[in-house]
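Have a look at the structure below before the remarks.
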Amino acid sequence: MTQARLRAGVIGCGFFAQNHLHAWATIPGVDLVAVCDRDPARAQAAAAAFNVPGCYTDAAAMFAEAKLDFVDIATTMPTHRALVELAASHKIPTVVQKPFAPSWEDCIAMVGACKAAGVPLMVHENFRFQAPLMAVRKVIESGAIGTPHFGRLTFRTGYDVFANQPYLAKEEQLIILDLGIHVLDMARVYFGEVETVYCQTQQIRPGIRAEDMATMLLRHRSGATCIVDVSYSSKIDPDPFPQTLLEIEGPRGSVRMLRGLRMVVTSDGVTTESDVSTPLLPWTSQPWHTAQESVLNTQQHWVDCLRQGIAPQTTGEDNLRTYALVTAAYRSQAERRAVAPQA
Ligand code: NAD
Ligand code: 89V
(Lines give C-alpha, C1' and ligand atoms only; values in the text may rest on other atoms or scores of the structure.)
(Ligands and ions follow the chains in the order given, each with its own letter.)
Protein backbone atom coordinates (compact mmCIF):
# COMPACT_ATOMS: atom_id res chain seq x y z
CA MET A 1 0.00 0.00 0.00
CA THR A 2 1.60 3.26 -1.07
CA GLN A 3 0.48 6.60 0.33
CA ALA A 4 2.85 8.65 -1.85
CA ARG A 5 1.18 11.40 -3.85
CA LEU A 6 0.36 10.29 -7.38
CA ARG A 7 1.31 12.34 -10.46
CA ALA A 8 -1.58 12.21 -12.97
CA GLY A 9 -1.72 13.17 -16.63
CA VAL A 10 -4.86 13.52 -18.76
CA ILE A 11 -4.89 13.13 -22.53
CA GLY A 12 -7.99 14.63 -24.19
CA CYS A 13 -9.45 17.86 -22.78
CA GLY A 14 -12.78 17.87 -24.56
CA PHE A 15 -16.39 17.64 -23.51
CA PHE A 16 -16.45 14.77 -21.06
CA ALA A 17 -12.87 15.19 -19.89
CA GLN A 18 -13.97 18.25 -17.90
CA ASN A 19 -15.54 15.82 -15.46
CA HIS A 20 -12.34 13.76 -15.32
CA LEU A 21 -10.35 16.92 -14.59
CA HIS A 22 -12.72 18.07 -11.83
CA ALA A 23 -12.58 14.59 -10.28
CA TRP A 24 -8.75 14.43 -10.34
CA ALA A 25 -8.68 17.89 -8.75
CA THR A 26 -10.96 16.53 -6.01
CA ILE A 27 -9.35 13.18 -5.15
CA PRO A 28 -6.95 13.42 -2.19
CA GLY A 29 -3.32 12.51 -2.85
CA VAL A 30 -3.47 13.06 -6.61
CA ASP A 31 -1.60 15.88 -8.35
CA LEU A 32 -2.77 16.72 -11.86
CA VAL A 33 0.68 17.56 -13.30
CA ALA A 34 0.04 17.39 -17.04
CA VAL A 35 -2.73 17.79 -19.58
CA CYS A 36 -2.50 17.05 -23.28
CA ASP A 37 -4.77 17.84 -26.18
CA ARG A 38 -3.83 18.02 -29.84
CA ASP A 39 -5.93 21.19 -29.89
CA PRO A 40 -3.62 23.74 -28.20
CA ALA A 41 -6.53 25.91 -27.11
CA ARG A 42 -8.18 23.02 -25.27
CA ALA A 43 -4.94 21.97 -23.64
CA GLN A 44 -4.22 25.54 -22.51
CA ALA A 45 -7.78 26.03 -21.25
CA ALA A 46 -7.58 22.85 -19.16
CA ALA A 47 -4.15 23.78 -17.77
CA ALA A 48 -5.38 27.24 -16.81
CA ALA A 49 -8.68 26.08 -15.33
CA PHE A 50 -7.10 23.37 -13.19
CA ASN A 51 -3.74 25.03 -12.49
CA VAL A 52 -1.81 22.25 -14.21
CA PRO A 53 1.93 22.88 -14.65
CA GLY A 54 2.45 20.66 -17.70
CA CYS A 55 0.59 21.56 -20.91
CA TYR A 56 1.16 19.48 -24.07
CA THR A 57 -0.26 18.94 -27.54
CA ASP A 58 1.79 15.78 -28.09
CA ALA A 59 1.34 12.75 -25.85
CA ALA A 60 4.84 11.44 -26.56
CA ALA A 61 6.36 14.67 -25.22
CA MET A 62 4.18 14.45 -22.12
CA PHE A 63 5.27 10.87 -21.39
CA ALA A 64 8.91 11.82 -21.93
CA GLU A 65 8.86 14.80 -19.59
CA ALA A 66 6.06 14.64 -17.01
CA LYS A 67 7.18 11.66 -14.87
CA LEU A 68 3.61 10.37 -14.49
CA ASP A 69 2.41 7.75 -12.04
CA PHE A 70 -0.60 7.12 -14.26
CA VAL A 71 -2.36 8.50 -17.32
CA ASP A 72 -6.07 9.02 -17.97
CA ILE A 73 -7.02 8.85 -21.66
CA ALA A 74 -10.25 10.75 -22.29
CA THR A 75 -10.04 11.01 -26.07
CA THR A 76 -12.52 9.46 -28.49
CA MET A 77 -12.29 5.82 -29.45
CA PRO A 78 -10.21 5.92 -32.66
CA THR A 79 -7.15 7.15 -30.76
CA HIS A 80 -7.36 4.81 -27.78
CA ARG A 81 -5.13 2.02 -29.07
CA ALA A 82 -2.22 4.25 -30.15
CA LEU A 83 -2.31 6.13 -26.85
CA VAL A 84 -2.62 3.03 -24.67
CA GLU A 85 0.25 1.36 -26.51
CA LEU A 86 2.32 4.54 -26.11
CA ALA A 87 1.60 4.59 -22.36
CA ALA A 88 2.50 0.89 -22.13
CA SER A 89 5.79 1.56 -23.92
CA HIS A 90 6.57 4.02 -21.11
CA LYS A 91 5.28 1.51 -18.48
CA ILE A 92 2.65 3.97 -17.26
CA PRO A 93 -0.51 2.60 -15.57
CA THR A 94 -3.46 3.60 -17.75
CA VAL A 95 -7.15 4.41 -17.58
CA VAL A 96 -8.94 4.70 -20.93
CA GLN A 97 -12.47 5.90 -21.67
CA LYS A 98 -15.15 3.73 -23.24
CA PRO A 99 -15.73 2.51 -25.86
CA PHE A 100 -12.49 0.61 -25.48
CA ALA A 101 -11.69 0.66 -29.23
CA PRO A 102 -13.24 0.46 -32.72
CA SER A 103 -12.52 -3.28 -33.04
CA TRP A 104 -12.08 -6.46 -31.01
CA GLU A 105 -8.55 -6.76 -32.35
CA ASP A 106 -7.69 -3.29 -31.04
CA CYS A 107 -9.04 -4.21 -27.60
CA ILE A 108 -7.01 -7.42 -27.51
CA ALA A 109 -3.89 -5.50 -28.57
CA MET A 110 -4.27 -2.95 -25.77
CA VAL A 111 -4.79 -5.62 -23.13
CA GLY A 112 -1.75 -7.45 -24.47
CA ALA A 113 0.44 -4.34 -24.54
CA CYS A 114 -0.28 -3.44 -20.92
CA LYS A 115 0.13 -7.06 -19.80
CA ALA A 116 3.50 -7.29 -21.53
CA ALA A 117 4.54 -4.00 -19.95
CA GLY A 118 3.37 -5.18 -16.53
CA VAL A 119 1.13 -2.14 -16.00
CA PRO A 120 -2.54 -2.00 -14.95
CA LEU A 121 -5.13 -1.04 -17.55
CA MET A 122 -8.63 0.05 -16.55
CA VAL A 123 -11.51 1.03 -18.81
CA HIS A 124 -13.40 4.05 -17.45
CA GLU A 125 -16.78 2.31 -17.34
CA ASN A 126 -18.57 4.58 -14.89
CA PHE A 127 -22.04 3.03 -14.88
CA ARG A 128 -20.40 0.46 -12.52
CA PHE A 129 -19.86 3.34 -10.11
CA GLN A 130 -23.15 5.21 -10.47
CA ALA A 131 -24.67 5.45 -6.99
CA PRO A 132 -28.19 4.24 -7.98
CA LEU A 133 -26.83 1.28 -9.95
CA MET A 134 -24.48 0.38 -7.09
CA ALA A 135 -27.49 0.47 -4.73
CA VAL A 136 -29.25 -2.12 -6.92
CA ARG A 137 -26.11 -4.27 -6.92
CA LYS A 138 -26.03 -4.11 -3.11
CA VAL A 139 -29.64 -5.34 -2.93
CA ILE A 140 -28.89 -8.26 -5.25
CA GLU A 141 -25.69 -9.18 -3.43
CA SER A 142 -27.57 -9.08 -0.10
CA GLY A 143 -29.70 -11.98 -1.34
CA ALA A 144 -32.90 -10.03 -0.57
CA ILE A 145 -34.53 -11.04 -3.88
CA GLY A 146 -32.68 -14.33 -4.34
CA THR A 147 -30.73 -15.15 -7.51
CA PRO A 148 -32.15 -12.89 -10.25
CA HIS A 149 -33.89 -14.80 -13.05
CA PHE A 150 -35.38 -11.93 -15.09
CA GLY A 151 -34.56 -8.31 -15.75
CA ARG A 152 -35.10 -5.33 -17.97
CA LEU A 153 -32.47 -2.58 -18.08
CA THR A 154 -33.61 0.40 -20.07
CA PHE A 155 -32.06 3.71 -21.05
CA ARG A 156 -34.44 5.60 -23.34
CA THR A 157 -34.07 9.29 -23.99
CA GLY A 158 -34.60 12.06 -26.50
CA TYR A 159 -31.89 14.20 -24.92
CA ASP A 160 -29.77 15.80 -27.64
CA VAL A 161 -26.53 13.87 -27.05
CA PHE A 162 -25.30 15.08 -30.44
CA ALA A 163 -25.01 18.69 -29.21
CA ASN A 164 -22.11 17.85 -26.87
CA GLN A 165 -20.87 14.86 -28.87
CA PRO A 166 -21.35 15.72 -32.59
CA TYR A 167 -19.10 12.84 -33.69
CA LEU A 168 -21.87 10.42 -32.59
CA ALA A 169 -23.93 11.41 -35.64
CA LYS A 170 -21.19 10.13 -37.95
CA GLU A 171 -20.36 6.84 -36.20
CA GLU A 172 -20.84 3.66 -38.23
CA GLN A 173 -22.04 1.95 -35.06
CA LEU A 174 -23.89 4.21 -32.66
CA ILE A 175 -26.12 3.36 -29.78
CA ILE A 176 -24.97 -0.15 -28.87
CA LEU A 177 -21.29 0.84 -28.95
CA ASP A 178 -21.80 4.20 -27.26
CA LEU A 179 -24.60 3.61 -24.76
CA GLY A 180 -25.49 -0.08 -24.90
CA ILE A 181 -21.94 -0.88 -23.82
CA HIS A 182 -22.67 0.71 -20.43
CA VAL A 183 -25.97 -1.10 -19.88
CA LEU A 184 -24.66 -4.46 -21.13
CA ASP A 185 -21.85 -4.12 -18.60
CA MET A 186 -24.43 -3.71 -15.85
CA ALA A 187 -26.33 -6.76 -17.13
CA ARG A 188 -23.14 -8.75 -16.56
CA VAL A 189 -22.87 -7.30 -13.04
CA TYR A 190 -26.47 -8.14 -12.11
CA PHE A 191 -26.95 -11.48 -13.90
CA GLY A 192 -23.48 -12.85 -14.64
CA GLU A 193 -21.84 -13.80 -17.91
CA VAL A 194 -23.89 -14.14 -21.08
CA GLU A 195 -24.56 -17.25 -23.18
CA THR A 196 -26.38 -15.66 -26.14
CA VAL A 197 -27.45 -12.25 -27.41
CA TYR A 198 -30.39 -11.58 -29.73
CA CYS A 199 -30.56 -8.00 -31.01
CA GLN A 200 -32.75 -5.90 -33.26
CA THR A 201 -31.84 -2.30 -34.10
CA GLN A 202 -33.63 0.67 -35.66
CA GLN A 203 -32.61 4.03 -37.05
CA ILE A 204 -35.28 6.56 -36.13
CA ARG A 205 -33.64 9.97 -36.17
CA PRO A 206 -32.97 11.44 -39.64
CA GLY A 207 -29.52 12.75 -40.49
CA ILE A 208 -27.46 10.28 -38.47
CA ARG A 209 -25.40 7.42 -39.91
CA ALA A 210 -26.15 4.50 -37.60
CA GLU A 211 -28.68 2.88 -35.27
CA ASP A 212 -30.20 5.00 -32.51
CA MET A 213 -32.41 2.30 -31.01
CA ALA A 214 -31.58 -1.27 -30.00
CA THR A 215 -33.50 -4.04 -28.28
CA MET A 216 -31.39 -6.89 -26.95
CA LEU A 217 -32.40 -10.15 -25.28
CA LEU A 218 -29.65 -11.75 -23.24
CA ARG A 219 -29.59 -15.35 -22.06
CA HIS A 220 -27.18 -15.61 -19.14
CA ARG A 221 -25.24 -18.74 -18.15
CA SER A 222 -27.25 -18.69 -14.89
CA GLY A 223 -30.42 -19.27 -16.94
CA ALA A 224 -31.59 -15.70 -16.34
CA THR A 225 -32.97 -13.63 -19.20
CA CYS A 226 -32.45 -9.90 -19.43
CA ILE A 227 -33.83 -7.36 -21.87
CA VAL A 228 -31.54 -4.41 -22.53
CA ASP A 229 -33.16 -1.64 -24.54
CA VAL A 230 -31.59 1.68 -25.42
CA SER A 231 -32.76 4.65 -27.41
CA TYR A 232 -31.54 8.15 -28.23
CA SER A 233 -34.79 8.98 -30.05
CA SER A 234 -37.56 8.53 -27.54
CA LYS A 235 -40.13 11.25 -26.97
CA ILE A 236 -40.66 11.02 -23.25
CA ASP A 237 -41.81 13.78 -20.91
CA PRO A 238 -40.19 14.31 -18.50
CA ASP A 239 -37.12 12.86 -20.20
CA PRO A 240 -35.30 10.55 -17.79
CA PHE A 241 -31.80 11.27 -19.21
CA PRO A 242 -29.32 10.00 -18.06
CA GLN A 243 -31.13 7.59 -15.76
CA THR A 244 -30.97 3.83 -16.29
CA LEU A 245 -34.36 2.46 -15.24
CA LEU A 246 -34.77 -1.19 -14.40
CA GLU A 247 -36.76 -4.05 -13.01
CA ILE A 248 -35.05 -7.18 -11.73
CA GLU A 249 -36.91 -10.20 -10.40
CA GLY A 250 -35.78 -13.15 -8.30
CA PRO A 251 -37.49 -15.99 -6.40
CA ARG A 252 -37.80 -13.85 -3.21
CA GLY A 253 -38.84 -10.56 -4.75
CA SER A 254 -37.78 -7.74 -7.03
CA VAL A 255 -35.89 -4.47 -7.28
CA ARG A 256 -37.05 -1.62 -9.50
CA MET A 257 -35.49 1.72 -10.40
CA LEU A 258 -38.22 4.24 -11.13
CA ARG A 259 -37.87 7.70 -12.66
CA GLY A 260 -36.36 10.16 -10.30
CA LEU A 261 -34.06 7.39 -9.08
CA ARG A 262 -36.51 5.93 -6.57
CA MET A 263 -35.56 2.34 -5.83
CA VAL A 264 -38.38 -0.04 -4.83
CA VAL A 265 -37.38 -3.34 -3.24
CA THR A 266 -39.82 -6.16 -2.55
CA SER A 267 -38.38 -8.99 -0.46
CA ASP A 268 -40.41 -11.83 1.01
CA GLY A 269 -43.57 -9.75 0.68
CA VAL A 270 -42.18 -6.59 2.28
CA THR A 271 -41.80 -3.54 0.01
CA THR A 272 -39.59 -0.52 0.71
CA GLU A 273 -38.90 2.58 -1.39
CA SER A 274 -35.78 4.71 -1.14
CA ASP A 275 -34.34 7.74 -2.87
CA VAL A 276 -31.00 6.69 -4.39
CA SER A 277 -30.38 9.90 -6.31
CA THR A 278 -27.08 11.68 -5.79
CA PRO A 279 -26.49 15.16 -4.39
CA LEU A 280 -25.01 17.91 -6.51
CA LEU A 281 -21.28 18.47 -6.05
CA PRO A 282 -19.67 21.93 -6.42
CA TRP A 283 -18.75 21.06 -10.00
CA THR A 284 -21.78 19.01 -11.12
CA SER A 285 -25.11 20.10 -12.58
CA GLN A 286 -28.47 18.70 -13.68
CA PRO A 287 -29.15 16.46 -15.55
CA TRP A 288 -25.61 15.05 -15.73
CA HIS A 289 -24.88 15.13 -11.98
CA THR A 290 -25.35 11.40 -11.31
CA ALA A 291 -23.06 10.54 -14.24
CA GLN A 292 -20.60 13.20 -13.12
CA GLU A 293 -20.48 11.82 -9.58
CA SER A 294 -19.86 8.36 -11.02
CA VAL A 295 -16.72 9.78 -12.67
CA LEU A 296 -15.43 10.74 -9.22
CA ASN A 297 -16.30 7.28 -7.87
CA THR A 298 -14.64 5.56 -10.83
CA GLN A 299 -11.44 7.54 -10.50
CA GLN A 300 -11.32 7.11 -6.73
CA HIS A 301 -11.64 3.35 -7.31
CA TRP A 302 -8.68 3.49 -9.71
CA VAL A 303 -6.53 5.37 -7.18
CA ASP A 304 -7.50 3.01 -4.34
CA CYS A 305 -6.61 -0.05 -6.43
CA LEU A 306 -3.35 1.50 -7.66
CA ARG A 307 -2.30 2.25 -4.07
CA GLN A 308 -3.20 -1.28 -2.91
CA GLY A 309 -1.63 -2.94 -5.92
CA ILE A 310 -4.87 -4.77 -6.78
CA ALA A 311 -6.83 -5.06 -10.03
CA PRO A 312 -9.72 -2.61 -10.47
CA GLN A 313 -13.21 -3.90 -11.27
CA THR A 314 -13.20 -2.80 -14.91
CA THR A 315 -9.82 -3.99 -16.13
CA GLY A 316 -9.20 -4.10 -19.86
CA GLU A 317 -9.59 -7.86 -19.62
CA ASP A 318 -12.95 -7.54 -17.86
CA ASN A 319 -14.15 -5.02 -20.41
CA LEU A 320 -13.40 -7.52 -23.19
CA ARG A 321 -16.36 -9.54 -21.88
CA THR A 322 -18.61 -6.50 -22.17
CA TYR A 323 -17.18 -5.54 -25.55
CA ALA A 324 -17.91 -9.10 -26.73
CA LEU A 325 -21.60 -8.46 -26.01
CA VAL A 326 -21.48 -5.38 -28.22
CA THR A 327 -19.97 -7.28 -31.15
CA ALA A 328 -22.41 -10.15 -30.58
CA ALA A 329 -25.33 -7.70 -30.70
CA TYR A 330 -24.20 -6.28 -34.03
CA ARG A 331 -23.66 -9.79 -35.42
CA SER A 332 -27.10 -10.84 -34.20
CA GLN A 333 -28.70 -7.84 -35.90
CA ALA A 334 -26.89 -8.67 -39.15
CA GLU A 335 -27.55 -12.42 -39.06
CA ARG A 336 -31.05 -12.23 -37.58
CA ARG A 337 -30.29 -14.90 -34.99
CA ALA A 338 -29.12 -15.29 -31.39
CA VAL A 339 -25.32 -15.17 -31.17
CA ALA A 340 -22.84 -16.39 -28.57
CA PRO A 341 -20.34 -13.68 -27.53
CA GLN A 342 -16.76 -14.31 -28.65
CA ALA A 343 -14.55 -15.77 -25.91
P1 NAD B 1 -14.40 15.24 -27.45
O2 NAD B 1 -14.21 15.13 -28.93
O3 NAD B 1 -15.22 16.35 -26.89
O4 NAD B 1 -12.97 15.33 -26.75
C5 NAD B 1 -11.91 14.51 -27.14
C6 NAD B 1 -10.64 15.36 -27.08
O7 NAD B 1 -9.51 14.54 -27.31
C8 NAD B 1 -10.60 16.47 -28.15
O9 NAD B 1 -10.38 17.72 -27.55
C10 NAD B 1 -9.44 16.06 -29.07
O11 NAD B 1 -8.73 17.18 -29.58
C12 NAD B 1 -8.58 15.24 -28.11
N13 NAD B 1 -7.72 14.27 -28.77
C14 NAD B 1 -8.08 13.33 -29.68
N15 NAD B 1 -7.03 12.59 -30.04
C16 NAD B 1 -5.96 13.06 -29.34
C17 NAD B 1 -4.59 12.71 -29.26
N18 NAD B 1 -4.08 11.71 -29.99
N19 NAD B 1 -3.78 13.40 -28.41
C20 NAD B 1 -4.29 14.40 -27.67
N21 NAD B 1 -5.59 14.80 -27.69
C22 NAD B 1 -6.40 14.13 -28.52
O23 NAD B 1 -14.96 13.83 -26.97
P24 NAD B 1 -15.87 13.50 -25.68
O25 NAD B 1 -17.32 13.65 -26.04
O26 NAD B 1 -15.32 14.21 -24.50
O27 NAD B 1 -15.64 11.91 -25.52
C28 NAD B 1 -14.41 11.42 -25.14
C29 NAD B 1 -14.62 9.97 -24.72
O30 NAD B 1 -15.46 9.95 -23.56
C31 NAD B 1 -15.37 9.15 -25.79
O32 NAD B 1 -14.76 7.89 -25.89
C33 NAD B 1 -16.79 9.03 -25.25
O34 NAD B 1 -17.43 7.81 -25.59
C35 NAD B 1 -16.55 9.07 -23.77
N36 NAD B 1 -17.70 9.56 -23.00
C37 NAD B 1 -17.96 8.87 -21.88
C38 NAD B 1 -19.02 9.25 -21.07
C39 NAD B 1 -19.20 8.47 -19.79
O40 NAD B 1 -18.20 7.99 -19.29
N41 NAD B 1 -20.40 8.31 -19.24
C42 NAD B 1 -19.85 10.32 -21.43
C43 NAD B 1 -19.55 11.03 -22.62
C44 NAD B 1 -18.45 10.64 -23.39
O1 89V C 1 -22.12 7.91 -21.21
C2 89V C 1 -21.78 8.10 -22.36
O3 89V C 1 -20.89 7.46 -22.89
C4 89V C 1 -22.47 9.16 -23.15
C5 89V C 1 -23.92 9.21 -22.76
C6 89V C 1 -24.69 10.16 -23.65
C7 89V C 1 -24.55 7.82 -22.82
O8 89V C 1 -23.93 9.70 -21.46
O9 89V C 1 -22.27 8.98 -24.50
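When a ligand or atom number is given, it counts from 1 through the structure's own listing order.
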What protein heavy atom is closest to atom 2 (C) of ligand 2, reported as residue, atom name and distance in Å?
His182 NE2, 3.3 Å
Going by the order shown, which atoms of ligand 2 are within less than 4.0 Å of some heavy atom of Val161?
6 (C)
Ligand-residue contact atoms, ligand 2 with Lys98, heavy atoms, under 4.0 Å:
2 (C), 3 (O)
Atom indices of ligand 2 within 4.0 angstrom of Tyr232 heavy atoms, with elements
5 (C), 6 (C), 7 (C), 9 (O)
Using the six-membered ring wherever Trp is involved, compare the ring planes of His301 and Phe129 and label them parallel, tilted or perpendicular (cut-offs 30° and 60°).
tilted
Tyr198 (side chain) donor-acceptor with Gln333 (main chain) under 3.5 angstrom
no
Check whether any N or O atom of Trp288, backbone or side chain, sits under 3.5 Å from an N or O atom of ligand 2, and answer yes or no.
no
Atoms of ligand 2 less than 4.0 Å from Leu179 heavy atoms?
7 (C)
May I ask you to identify the nearest protein heavy atom to atom 9 (O) of ligand 2, giving residue, atom name and distance to one decimal place in Å?
Asp178 OD2, 2.8 Å
Run the side-chain contact (heavy atoms from CB on, under 4.5 Å) check on Met257 and Val276 step by step: do they pass?
CA-CA 9 Å; Met257 186 67 69; Val276 290; 3.7 Å; yes
Looking only at protein heavy atoms, which one is nearest to atom 4 (C) of ligand 2, and how far off is it?
Gln165 OE1, 3.8 Å
Which pairs of N or O atoms, one from ligand 1 and one from the protein, are separated by less than 3.5 Å, and what is the distance for each pair?
unit_1: ligand 1; atom_1: 3 (O); unit_2: Phe15; atom_2: N; d: 2.9
unit_1: ligand 1; atom_1: 9 (O); unit_2: Asp37; atom_2: OD1; d: 3.3
unit_1: ligand 1; atom_1: 9 (O); unit_2: Asp37; atom_2: OD2; d: 2.6
unit_1: ligand 1; atom_1: 9 (O); unit_2: Arg42; atom_2: NH1; d: 2.6
unit_1: ligand 1; atom_1: 11 (O); unit_2: Asp37; atom_2: OD1; d: 2.7
unit_1: ligand 1; atom_1: 15 (N); unit_2: Arg38; atom_2: NH1; d: 3.4
unit_1: ligand 1; atom_1: 21 (N); unit_2: Arg38; atom_2: N; d: 3.1
unit_1: ligand 1; atom_1: 25 (O); unit_2: Tyr167; atom_2: OH; d: 2.7
unit_1: ligand 1; atom_1: 26 (O); unit_2: Phe15; atom_2: N; d: 3.3
unit_1: ligand 1; atom_1: 26 (O); unit_2: Phe16; atom_2: N; d: 2.7
unit_1: ligand 1; atom_1: 27 (O); unit_2: Tyr167; atom_2: OH; d: 3.1
unit_1: ligand 1; atom_1: 32 (O); unit_2: Thr75; atom_2: O; d: 3.4
unit_1: ligand 1; atom_1: 32 (O); unit_2: Lys98; atom_2: O; d: 2.7
unit_1: ligand 1; atom_1: 34 (O); unit_2: Lys98; atom_2: O; d: 3.0
unit_1: ligand 1; atom_1: 34 (O); unit_2: Lys98; atom_2: NZ; d: 3.1
unit_1: ligand 1; atom_1: 40 (O); unit_2: Gln97; atom_2: NE2; d: 3.1
unit_1: ligand 1; atom_1: 40 (O); unit_2: Asn126; atom_2: ND2; d: 2.7
unit_1: ligand 1; atom_1: 41 (N); unit_2: Asn126; atom_2: OD1; d: 3.3
unit_1: ligand 1; atom_1: 41 (N); unit_2: Asn126; atom_2: ND2; d: 3.4

For Arg205, does its backbone N or O pair with a side-chain atom of Asp212 as donor and acceptor, under 3.5 Å?
yes
Does the side chain of Thr314 pick up a donor-acceptor pair with the side chain of Asn319 at under 3.5 Å?
no
Using only heavy-atom distances, determine whether the side chains of Asp160 and Tyr232 contain a donor-acceptor pair under 3.5 Å.
no
Parallel under 30°, tilted from 30 to 60°, perpendicular over 60°: which one fits the rings of His124 and His20?
parallel
Is there a donor-acceptor contact under 3.5 Å from the side chain of Thr271 to the main chain of Gly269?
no
Just by distance, no angles: are the side chains of Asp318 and Thr315 close enough, under 3.5 Å, to form a donor-acceptor pair?
no
Could you list the donor-acceptor pairs under 3.5 angstrom formed between side-chain atoms of residues 38-55 and any protein atom two or more places apart in sequence or on another chain?
unit_1: Asp39; atom_1: OD1; unit_2: Ala41; atom_2: N; d: 2.9
unit_1: Asp39; atom_1: OD1; unit_2: Arg42; atom_2: N; d: 3.4

